[in-house]
Amino acid sequence: MVDARGRAAVLRYAPHFSRDPEAVIADLESYALLLEKWQRIQNLVSRETLADMWRRHFADSLQVLKLLTESDRTILDLGSGGGFPALPLAIASKGRDRRFILVEPTSRKASFLRTVARNLGLDVRVEARRTEDIDSRETGRVDVITSRALASLPQLCALAAPFFGPETRAIFHKGREHVEELVESGALWQHDVVLVKSDTDDSGVLVELKNLRSKQVRS
């Protein structure tokens, strides 16, 4: 069961939920139980963070809701791992016209993601492939690309670029290294950047990118 501190951290985002907050809490509790069960056979999250799962993982994921709009219908999550941030976002968005595509090449992790989605009735499709092996025609229009703890910002830009359309945005969780990574990324990629201070990490930010395009000259 969620404690008062974890509950408060999650309910901070209740104004952005698509349904009754208590229903969201109940689904997150089911998700937490499944994660704890699967964690015994597959390392889904850092063991040190399990005791503070509701703040470190659920609330940290749900803060992305602040940056989503009603017109954001398709969200592509790269390197989903244990499902963050995509599954908490899908739980909070249940009943809304919003679908999630989760990319996770590790078969056991992909099986876990499918189990959570099936048990909770989420509008989620899991791609058990590397991002590089997915053709953008398979995803259709992507409104938002998310990723948490997958790769450096220059690498994330390279992975995300094939799925960018004129209105696509990327929202990436980043820690204290974001300043250096933005400099590195800026040498290779052109993009408009908005930094949003993280609610759960004093040194972290949400990096929102628009108009992503390579600076490399094509011959």
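- Between D52 and R5 there is a salt bridge, with a side-chain nitrogen of the basic residue lying less than 4.0 Å from a carboxylate oxygen of the acidic one.
- Using a 4.5 Å cut-off on side-chain heavy atoms (C-beta onward), L122 and F100 make no contact.
- Salt bridge status for R7 with E22: present, with a side-chain N to carboxylate O gap under 4.0 Å.
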- Begin from the C-alpha positions of H191 and K210 and carry the test side-chain contact (heavy atoms from CB on, under 4.5 Å) through to its verdict. CA-CA 6 Å; H191 41 48; K210 301 178 183 178; over 6 Å; no
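- Side-chain atoms of E177 come within 3.5 Å of backbone atoms of G175 as a donor-acceptor pair (strictly under, hydrogens ignored).
- With S93 as reference, R98 is the one residue of H16, R99, R98, R19 to meet the side-chain hydrogen bond (donor to acceptor under 3.5 Å, both in side chains) rule.
- Side chain to side chain, S30 and D27 fail the donor-acceptor criterion of an N or O pair below 3.5 Å.
- Residues that satisfy the side chain to side chain contact (heavy atoms under 4.5 Å, CB included) test with A14, not counting sequence neighbours, are L11, F17, P21.
- Using a 4.0 Å cut-off between charged side-chain N and carboxylate O, E70 and R96 make a salt bridge.
- Separation of atoms CG (N211) and CZ (R169) is listed at 11.5 Å; rounding is to 0.5 Å.
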- side chain to side chain donor-acceptor pair (under 3.5 Å) evaluation trace for T106 with E104: CA-CA 6 Å; T106 303; E104 175 48 58; 3.2 Å; yes
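- Between F58 and Y13, the ring centre distance reaches or exceeds 6.0 Å.
- Judged by distance alone, the side chains of H173 and S147 never bring a donor and an acceptor atom under 3.5 Å apart.
- With values rounded to the nearest 0.5 angstrom, D143 atom CG is found 10.5 Å from L76 atom CG.
- R176 has no carboxylate O lying under 4.0 Å from a charged side-chain N of D201, or vice versa, which leaves the two without a salt bridge.
- Using a 4.0 Å cut-off between charged nitrogen and carboxylate oxygen, R148 and D60 count as a salt-bridge pair.
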